[in-house]
Structures are given as C-alpha cells and as structure tokens.
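Just so you know, ligand 1 is whichever comes first in the structure, and atom 1 is the first atom listed for that ligand. Note that this is a predicted model, so its numbers are computed, not measured. The analysis underlying the following values was restricted to heavy atoms, covering all of them including side chains, and did not include hydrogens, waters or symmetry mates.
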Amino acid sequence: MFESLSEKLEGIFKKLKGRGVLNEENVHAALKEIRMALLEADVNFKVVRDFIEDVRVRAVGKEVLDSITPGQQVVKIVHDRLVELMGGTSSLIKFGAKIPAPIMLVGLQGCGKTTTAAKLARLLSKDKRVYLVSADVYRPAAMDQLAVLGRQISAGVFDAGELRDPVRICANAVEQARREGYEVVIIDTAGRLHIDDQLMDELRRIKDQVHPAEILYVADAMTGQDAVNVGSTFNERIGIDGVIMTKMDGDARGGAALSLKAVVGKPLKFVGIGEKIDALEVFHPERMASRILGMGDIVSLVEKAQAAIDEKEARRMAESLRKKDFTLEDFRNQLAQVRKMGSMKDILGMVPGMGKMKALKGMEPDESELVKITAIIDSMTKKERSNYLIIDGRRRKRIALGSGTTVQDVNRLLKNYVEIRKMMKKMNQKGGIRAMMRNFPF
Ligand SMILES: Nc1nc2c(ncn2[C@@H]2O[C@H](COP(=O)(O)OP(=O)(O)OP(=O)(O)O)[C@@H](O)[C@H]2O)c(=O)[nH]1
Ligand SMILES: [Mg+2]
C-alpha cells in the first residue's frame, strides 16, 4: 500500500531539493509530477485537482524560512495537505449517552464486515464490555463465523435461536446486552454483491429500530474508487458516521483511502491490515501522511524552524507587553499578531509564570470575535486609543455605529481591555508577577 506513490513522491522531491528558490516554474513542474503520481495511485481526479491547486497556492510566493530549503518547504506543504485530506486528526467512535451503544457495520459482500466486527470488539474490549450480534440470516454459516470469532476474543455473542428477522434479532440482542450489562453492541449485517433496495431497506429498518450510536461503512481497499462511490451511496441512503477500510495490507494503490474524506465527507476511523484478529488499527492521518511521504525528518525539521520563529516573535511581544503602558493601540497591534500566530494564551504563556494562570482560560477569542474587536478599535480616534478614559457614552455610541457593532460590544471590549491592562500594570511592578500570582488560585 502506498509504496509506489511513496517512491514517486520521493523522486519528485529529490529533484526539488537542489533548487534555491521556489518559483512558479519549478513548483509547476513538481506539481505536474505529483498530480500524475496521485492519479496513478487511484486518487479521485477531483480530489487530485483540488489538492494540486491548493498546494500551488500555498507554495508559490511562500517566504522560505532561513534554515530550510525551498524543496523541504514543499515537502512540508504537501505533507500538511495530505494530513488534511485524510481528515486532520484521528476520529474515534462516539458512543453517545445510551448504554449499550449499538455500533452497526454495513458494506458490500466480502468487504470484511464479520472479521472487522470481531477485530473491533477486541479493540474496544480493552475498556468496554462488548457484545456481538450477527444480523446475517442469508448466508448459512454467517452466524457461526461470528460466534467462532467471538469465542476467540471472549466477547459475548447473541444467540438468535430460531429468529429469522434481522430487525427482531438486533432489537433482542440490544435488549439482552442491556440486561447483561454490556456497554457496546456491535452489529454485523449481511452484505450483497451490489447495492440493492432490499439491502438498504433492511439496514434502514435496523437503524430505525436500534438507533445506532454510529454506523460504520466497511470498505474493501482492494476495490479502489468503487469503495468510495459505494460509500457515498450508503451515506446518502442510510447515513454513515465513518469508514473502516479493510485489506490495507494488500497491494491496493491506496487512492481510496486518500479520497474518502473529500468525496464521502466522512472520516476513515480504522484500518484493517491483515486477516488476524488483532490486525485492526486506529487510523492516524498524520502518521499515514508521513508514511506516504517517507520524509518524517524533513517535516519535523520545518516544524522546528517554524516554531523557532513563532517563539522569537512571541518572546518579543511578551517583552513589549511588560515594558509599555498598554494602550488600546497596543491592544489592537497585539490582536493582529494573535490573529497571525495563535491564541493570546500562548503568547501570554511565554511571560514567565503566567503559563499556569487559570485567568488565561477563556482568553482565547475566536476569529470572528477578533475581527469585531479590531473593527471597534479601528473606529476610535487616535486620542481615544491612547486614553480610554475619555471614551464616554456618546463616543461609545459613535464607535459602535462606525464599527457596525453595538454599544454592548464596545462596553465589553473596554471592560476586557481594562482587565488586561491591570494585569500588565501589575507585572510591571517589582515582584509583580509573584504578587499577582498570589491572587490566582491554581
Ligand atoms: N488481508 C486481509 N484480509 C481481510 C481483512 N479483513 C478481512 N479480510 C478477509 O476478507 C474475507 C472476507 O471477510 P468477511 O469478514 O467474511 O467479510 P464480510 O463482509 O463479512 O462478508 P459477507 O458476510 O459475505 O458479506 C476473509 O477472508 C477475511 O479474512 C484485512 O484487513 N486484510
Ligand atoms: Mg459477514
């Protein structure tokens, strides 16, 4: 899996490595090759198109950090974009409040539902009591297959007895699980060669009966883009919460795994990497991207270079925060930096001793809040910005009008500003930080 894509990308980046600057031309040439490599890996063509465009925008004209080469910078951009493409962070199962939480596995015939049900039961049983039930009444040996697997991992398995209705079986199994104190019920459903109305209808009825905490679509990596398209259909017809991709250990080219999130809109949560019962892993976009690129060292190098620059900037700001009288003008400038760099908490956290302060919680304004605050300060006169005390009711009304906000917004901003200013002042006094810390329980 991904070996061939990995190899190709490595070759492309090697060529870029020697270049001194990134320009439209050499980025263009590299992107063309990356595009081919992704298409050959069976990534959905629309996904490839957006991916390439995005990397282009990010790469061209990007200021290259001192300590790294442009080629390394591109590796990092491609890496970050790959991580995003696969959903950013790992998504775990959301069990919800109901106990037991039913987890329903759906998918086409032979994709690995039954095997995955047992693997998942094993994985989850590390901290939950897991019960298994087979709703496959069509294939004669299906229920036995699950029962055998269940015994291997000592999970409880529902015995359907004479029951022949999948909906009834699931309902009874959940009821039984509740009585026996199980926390999770994994429902293995029947597969069909193709999506048909009967299958969808049956799944729908099971869903309406047991209200699963999650419905996971089991996709066979070997079927490539078909797995992605079928996933879209399952999502449209019954609604899925995530995907488990099986047979990632095979020689599939990997494009399906890369296209899923963008096409279906649901995250890949687990991957099956073998026939054995322990061959199921939580899917980590970050690790997968590093594996595909095979260049973890470069990625972390660029990250370090970036962190160093941010840290330098943050220290400078922390220093100036301490020295100056903190005017609204300063406040606005700091906010501009914050918007560029991250949260106020991170920056104040650089001031010795302040990192642990509880008061810093809730000081992480969201982007729209920052835009609003900046607009309000922009609507003030220079005089008002250097002396907030002159901002009376009349001025507040004018500022609100000018910034498209309300007087309440202006009031709140000034109140917050006064609080922050007070903190700054205290820090300026000798021994100030320590004195101030005494007032904060932590
Ligand atoms: N190599 C490999 N084989 C797998 C993986 N997951 C499942 N299989 C194999 O795929 C085959 C089908 O698996 P099942 O679990 O029976 O598939 P299913 O979706 O339940 O099939 P139906 O119930 O007939 O629809 C079995 O031979 C499994 O061993 C995997 O991650 N890697
Ligand atoms: Mg099965």
query: Can you list the protein N, O or S atoms less than 2.8 Å from the Mg ion (ligand 2)?
result: Thr114 OG1
Protein residues having a heavy atom less than 4.0 Å from any atom of ligand 1: Leu108, Gln109, Gly110, Cys111, Gly112, Lys113, Thr114, Thr115, Lys119, Asp136, Arg139, Gln145, Gly191, Thr246, Lys247, Asp249, Gly272, Ile273, Gly274, Glu275
- request: Kindly determine whether Asp50 and Lys46 satisfy salt bridge (Lys or Arg N to Asp or Glu O under 4.0 Å), including the steps that lead there.
  value: CA-CA 6 Å; Asp50 293 349; Lys46 281 192 203 129; over 6 Å; no
I'd like to know if the side chain of [X] pairs up with that of [Y] as donor and acceptor (distance under 3.5 Å, no hydrogens or angles considered).
X	Y	answer
Glu202	Tyr138	yes
Gln225	Ser259	yes
Asp220	Thr223	no
Gln145	Arg139	yes

field: Row check, Tyr217 ring normal vs Lys266 NZ/CZ: under 6.0 Å, within 45°
entry: no
task: Establish, for the pair Arg412 and Tyr417, whether the NZ or CZ atom is under 6.0 angstrom from the six-membered ring centre and no further than 45 degrees off its axis.
output: no
message: Can you confirm whether Lys32 is buried at NZ, in the sense that more than 12 heavy atoms of other residues, nucleotides or ligands lie under 6.0 Å from that atom?
response: no
field: Side chain to side chain, Arg35 and Arg49, heavy atoms closer than 4.5 Å
entry: no
